[in-house]
Amino acid sequence: MPELPEVEIVRKSLSKNIKGKVITKVEVNNRNLRVKIEKKFEEKLKKKKIKKIDRFSKYIIIVFFDNSFCLIHLGMSGTIHLLKKKNKNKFTNTSFYHSPHLPKKHNHVEIELQNISLIYNDPRRFGYLLYFDNKKQLQKKFKSYGPEPFSKKFNLEYILKYFQNKHKNIKNFLLDQKFVSGLGNIYASEVLFESKIYPLKSASLLTNDQLKKIIKYSKKVLKRSIAKGGSSIRDFKNTTGDQGSFQKEFKVYNREHLKCTRRSCGGIIKKIIISNRSSFFCNICQK
DNA sequence: AAGAGGCCCTGATAGC
DNA sequence: TGCTATCAGGGCCTCT
């Protein structure tokens with residue numbers, strides 16, 4: 001589910017609710033996530049005090065005061081739920097992302113922080129949690145990742161150099177975290193629409209003007225989505241919580257057969273499959 | 001060594 | 001009602 005904006009919304013919520021707290025208990029119900037949770041995970045996290053919550057790309061980074069780290073990746077279906085302890089033993093649901101109630105199944109990890117309980121839920125188990133002892137390990141993990149769209153490193157020179165001797169369509173490049181990190185399937189389509197670029201266009205054929213548009217709109221689209229609380233799809237039922245609303249502003253994603261939102265374009269949104277993932281685009285204004 | 005494709009997994013939905 | 005097939009916001013691994 002989560003691309004950069006959604007993860008940033010989770011980060012903000014965690015920062016607000018668990019910064020400064022001490023981990024009092026860790027319970028792993030299922031270690032078999034995308035990456036198996038190490039045996040000593042619980043032991044290593046216990047008694048750690050949270051200095052701050054960072055994010056890189058689609059990763060949440062819990063930073064402890066002793067400069068160790070806990071990394072959380074939400075995969076496709078991961079969600080984090082915060083429960084607040086009301087009386088001595090009972091936790092009640094106060095904050096959550098995407099789902100108004102704590103799911104009954106797939107609550108794989110529970111981390112208690114004094115009066116708050118953090119629950120990692122993930123039906124498909126494509127997400128994972130990692131513990132890092134020091135900053136070196138963290139840097140190693142992100143070594144092969146490209147810059148975020150917000151980074152100054154994501155500039156025209158970088159892109160031109162990166163595309164040298166590579167032959168792929170632009171949609172695949174935007175999904176490639178080694179090139180640029182944080183975009184996923186929704187925002188890749190949205191950025192290409194705003195940039196008026198056809199997703200199957202060979203990246204090496206793009207003009208400098210088009211590349212500048214990609215730089216501009218990748219920042220813009222992500223920022224706008226963050227401001228709107230991210231995108232919530234497939235989890236509509238209730239709206240009591242921190243449900244995002246950017247899905248209402250999708251110009252192409254999930255809009256097959258509908259009209260292009262550009263006035264006087266007259267195009268129709270099409271859906272094609274690129275590398276096994278849906279891509280949406282306007283058949284007239286994206287070239 | 002770049003790039004295509006398979007695969008990890010569960011759940012929701014569509015079609016019969 | 002119940003079966004089967006398809007699809008889903010990610011990304012790693014293997015093969016060519």
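Per chain, numbering begins at 1; letters A, B, ... match sequence-line order. Just so it is clear, the structure is predicted and the values come from calculations on it, not from any experiment.
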With rounding to the closest Å, how many angstrom separate the C1' atoms on B:dA12 and C:dG11?
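Approximately 23 Å lies between the C1' atom of B:dA12 and that of C:dG11.
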Say you pick atom P in C:dC7 and the same atom in B:dG5; how far apart are they, in whole Å?
16 Å
So, is A:Lys178 near the phosphate of B:dA2, with a side-chain N or O under 4.0 Å from OP1 or OP2?
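No, A:Lys178 has no side-chain N/O under 4.0 Å of OP1/OP2 on B:dA2.
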Expressed as a whole number of angstroms, how long is the span from [X]:[atom1] to [N]:[atom2]?
{"X": "A:Gln177", "N": "C:dG10", "atom1": "CD", "atom2": "P", "answer": "8 Å"}
{"X": "A:Lys36", "N": "C:dC12", "atom1": "NZ", "atom2": "P", "answer": "20 Å"}
{"X": "A:Asn30", "N": "B:dC8", "atom1": "CG", "atom2": "P", "answer": "17 Å"}
{"X": "A:Lys141", "N": "C:dG11", "atom1": "NZ", "atom2": "P", "answer": "9 Å"}
{"X": "A:Phe163", "N": "B:dA1", "atom1": "CZ", "atom2": "C1'", "answer": "17 Å"}

Using a distance-only criterion (donor-acceptor N/O pair, under 3.5 Å, no hydrogens), is the base of B:dC9 paired with the side chain of A:Arg125?
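No such pair is found, so the answer is no.
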Presence of donor-acceptor pair under 3.5 Å, side chain of A:Arg124 and base of C:dA8:
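By the distance-only test, yes, there is a pair.
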More than 12 heavy atoms of other residues, nucleotides or ligands under 6.0 Å from NZ of A:Lys166: yes or no?
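Counting neighbours around NZ of A:Lys166, more than 12 heavy atoms of other residues, nucleotides or ligands fall under 6.0 Å, so yes.
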Before accepting this row, confirm whether a basic side-chain N of the pair A:Lys52/A:Asp54 lies closer than 4.0 Å to the acidic partner's carboxylate O.
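Result for this pair is yes, salt bridge flagged.
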Checking base pairs now: Watson-Crick or wobble, both atom distances under 3.5 Å. What partners C:dG10?
B:dC8
Does the side-chain ring of A:Phe126 sit on the six-membered ring of the C:dG10 base, less than 5.5 Å centre to centre and under 30° in tilt?
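Given the distance and angle limits, yes, they stack.
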Regarding A:Tyr145, tell me which of base, sugar-phosphate or nothing describes its non-hydrogen contacts under 4.0 Å with the strands shown.
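Since only primed, P, OP1 and OP2 atoms lie under 4.0 Å of A:Tyr145, the category is sugar-phosphate.
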Would you indicate what A:Ser275 reaches in the nucleic acid, counting non-hydrogen atoms under 4.0 angstrom: base, sugar-phosphate, or nothing?
nothing
Proximity of A:Phe179 and A:Phe163 rings by center, below 6.0 Å
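For A:Phe179 and A:Phe163, the ring centres are under 6.0 Å apart.
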Can you classify the ring geometry of A:Phe281 versus A:Tyr198 as parallel (below 30°), tilted (30 to 60°) or perpendicular (above 60°)?
perpendicular
